[in-house]
Amino acid sequence: MTSIVLYFHVHQPFRLRRYSFFDIAREEDYFDDDANAAIVQRVAERCYLPMNALLLRLAQRHGERFRCSMSITSTALEQMERWAPAALAGLVALARAGVVEFVAETSHHSLAFLANGDEFRAQVRAHTDRLERTFGARPRAFRNTELVIDDRVARVAGELGFCALLGEGADHLVGWRSPASVYAAAGTPDLKVLLRNYELSDDIAFRFSNRGWHEWPLSAEKFARFLERVPEDAQQIGLFMDYETAGEHQWEETGIFDFMERMPGAALQSGRFTFRTPSEVAARETAAETLEIPHPVSWADAERDLSAWLGNPMQSAAHAALYALYNDTRRAAAAGRPELLERWRRLSTSDHVYYMCTKGASDGEVHAHFSPYDSPHEAYVTFMNVLDDLARRVGAGA
Amino acid sequence: MKVLMLGWEFPPYISGGLGTACEGLVKGLAATDAEVTFVVPRLPEGAVSRYARLVDCGLPREDRAVALDAALLPYLTAEQYERLVARQSCSGDLGEDLFAEVERYARAVEQNVGADTAYDLVHGHDWMTYPAAIAVAENLGVPLVLHVHSSEYDRAGENANARIVEVEQRGLDAADRVVCVSRFAAQCLRERFPVKAAKLRVVHNGVAVPVSAGDDAASAPPDEPRAPRIAEPIVLFLGRVTAQKGPEYFLQAAALVVRHEPRVKFVMAGAGDLLPTMIERAAELGLARHVHFTGFLRGPDVDRIYDEAALYVLSSVSEPFGIAPLEALSRDVPVIVSRQSGVTEVLSNVTAVDFWDVTALARCIREVLARPELRDEMAAQGRAATRVLTWERQAALVRDVYRELGA
């Protein structure tokens, strides 16, 4: 029997105010609370609340055969606590009902694994504790920011005691092998790597409403037929996507909720599939083989690498400047200013460098869609102004 | 005597020095016997002058954004203008371009300037007004004075647009007198255009002394304790971020300075087609923590940045005049200017470097920052130059040019 791993990612960054050069050393308030509140409330209305209710209905309808998994950043959790508590209550109910397994990640959706191993571990530990407090279960599976995996990430995930690691089933990683196999991470044999089936995932996440797509419109039954085409010996099919896919990336008018409501039933029809969580699959399946991941692989853009975050000089400079402040920030936090570390961590959210991406073509459109700025350059200028202010407050000077 | 003066923009909405210079000249001429009628394609709301009759040609405003921006951005290249129009005009009227706008202005001037007033002379400012000025001077049968605030070669260097150059050449051929804003500008003009030297006259721009200096101090509430917001010295670039202004040289010099003096801030204030490129360059040059960008600054923010600046740098590749250094000096900010600028002619002993010599520029920046006493010295010099260079005095020189033509 093949497991379907339906996994949703929930994230909201703390977007910055229009922080100008003249705000430096004057304005301590970096974040645009008005915009952040408005966005999380809008997304809650359009997506979180209806999806929470939908998942609960699916569990009631299909019983043990329907499970899914979810990761939620601490920045999103905090925003929900402050501005959309009903959405958070819905997630807690799903966890308590055993429908959703929560997956760990960095607390702030950061790129810390690239720049600072200590901070990476610190963010993962902090977030794991927080998930346990909020949802009542200690996470056993791990996903890194933007699904970035490589051998180092796998090693740390193993060291931290996780049993499963989610990653992108990118062509250049999988090669001739199947993304539907369960892999063992090289050097960390106890850690199972579950890969995303990007074709099937993106049929829903990206192509669902695309009228130019030859498979449009996508019904639950048609999607079930796609699933049937996966070879019989497949261990798992990773359907990984943003939670916002329903209602936000694909609007309600596209019929996405109806699809989500009916897809699991259609998939379960043949009896070949069961929906399982990552830790259930990890416990159940034996790794088919070992996967070596020498270079970071992500789920973003056509390149499936880090170029969406660190692909141009502005991004690299901003990233380097942020991590150059880390030690001073930690010292300031230890000396009684813990809020400065929290601010630093909010700046470590990878969205800030994502907004600085200058790629063209269709990936550029995706970037522009998510950015609160008029241009990548404005994103960079704003970020560097904020960083300059933070540097003064942590005593790092210019 | 009556002067029909053709401009392209008038304060309060201006894109650069042209509108300010026209306003100053008009004000200065009011102290002479010249009565000025000042014509623009369209007047922004709030444009008033006690010194001239302002005439709005009323060019179409159906697409407000385009109409307004055409008036605001005379120094866009034709290509940038096309992009702008293409972006803003959803009506699909893609026949729009800067040249068409210039032609429309020429026709509108002919229609708007009736025979009701007997003008003695036509005076046009920069290439956008030349076709209109040539036509109307010919119709009226009066002498033509053209004022070159900058030529296409100043603005675009080797990328000069051939059509604009052609318009400028026709203007220079037709004019009875050509007023240049510096000897440097006159020299550049002669190197690039076949123009009779006998036609050329040099009249430097005047400087409007900021009213704030004395007056505000009395009325403003007492200052907060004077701890500077930012402890590091700030080196300022303030101007359009275009090839003409040499922003790249400013950044290269910054990179050399911070190698020795990491605690210096560089601020690039202004907007322009090269701004995104410069932002990327700053990141590439390792200047992410040293250079800040403010975008286009308006009135109060201009005052704030001058208040905080320790040094102003004019890095222009070719600056016919360059009023900004005088403004900086009048606010007690020392300056380093490009040798390729007209303003050096009115400032004795100013620190000037060739725009391409970034090593020299970096050295000068470090010297000025290391010697605060230079600040007072330079500011005093600047005030002296500013006192002499009034618009009243400079306008009188323009009046002399009119007189040569029998007006």
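Every heavy atom of this structure was used, including side-chain atoms; hydrogens, water molecules and symmetry mates were not. Bear in mind that the values here come from a model prediction, so they are computed numbers and not experimental data. Below, chain A is the first sequence line, B the second, and so on; all start at residue 1.
In this structure, the side chains of I279(B) and M314(A) come closer than 4.5 Å at one or more pairs of heavy atoms. Side chains of L325(A) and R289(B) form a contact here, defined as non-hydrogen atoms less than 4.5 Å apart. Residues L275(B) and H377(A) fail the side-chain proximity criterion, which asks for heavy atoms closer than 4.5 Å.
Under the 3.5 Å distance criterion, the side-chain polar atoms of R392(A) are left unmatched by any main-chain donor or acceptor of I230(B).
When the shell of 6.0 Å around CZ of F206(A) is examined, it contains 12 or fewer heavy atoms from other residues, nucleotides or ligands. Within a 6.0 Å sphere centred on CH2 of W213(A), heavy atoms belonging to other residues, nucleotides or ligands number more than 12. Shown here is H295(A), whose NE2 atom has no more than 12 heavy atoms of other residues, nucleotides or ligands within 6.0 Å.
No part of L285(B) comes within reach of chain A, as not one of its non-hydrogen atoms sits under 4.5 angstrom from that chain. Only the side chain of V267(B) comes within contact range of chain A, judged by heavy atoms closer than 4.5 Å. The part of T358(A) that comes within reach of chain B is its side chain, from C-beta onward, which places non-hydrogen atoms under 4.5 angstrom from that chain. Proximity to chain A (any heavy atom under 4.5 Å) is shown, for I305(B), by both the backbone and the side chain. For D23(A), the part lying near chain B is the backbone, with the side chain staying farther off; criterion is any non-hydrogen pair under 4.5 Å. Contacts of F22(A) with chain B are made by both backbone and side-chain atoms, with heavy-atom separations under 4.5 Å. Proximity to chain A (any heavy atom under 4.5 Å) is restricted, for A231(B), to the backbone atoms N, CA, C and O.
Annotation: cation-pi geometry satisfied between R229(B) and F21(A) (NZ/CZ under 6.0 angstrom from ring centroid, within 45° of ring axis).
K265(B) NZ to I24(A) CD1: the interatomic distance, rounded to the nearest 0.5 Å, is 6.0 Å.
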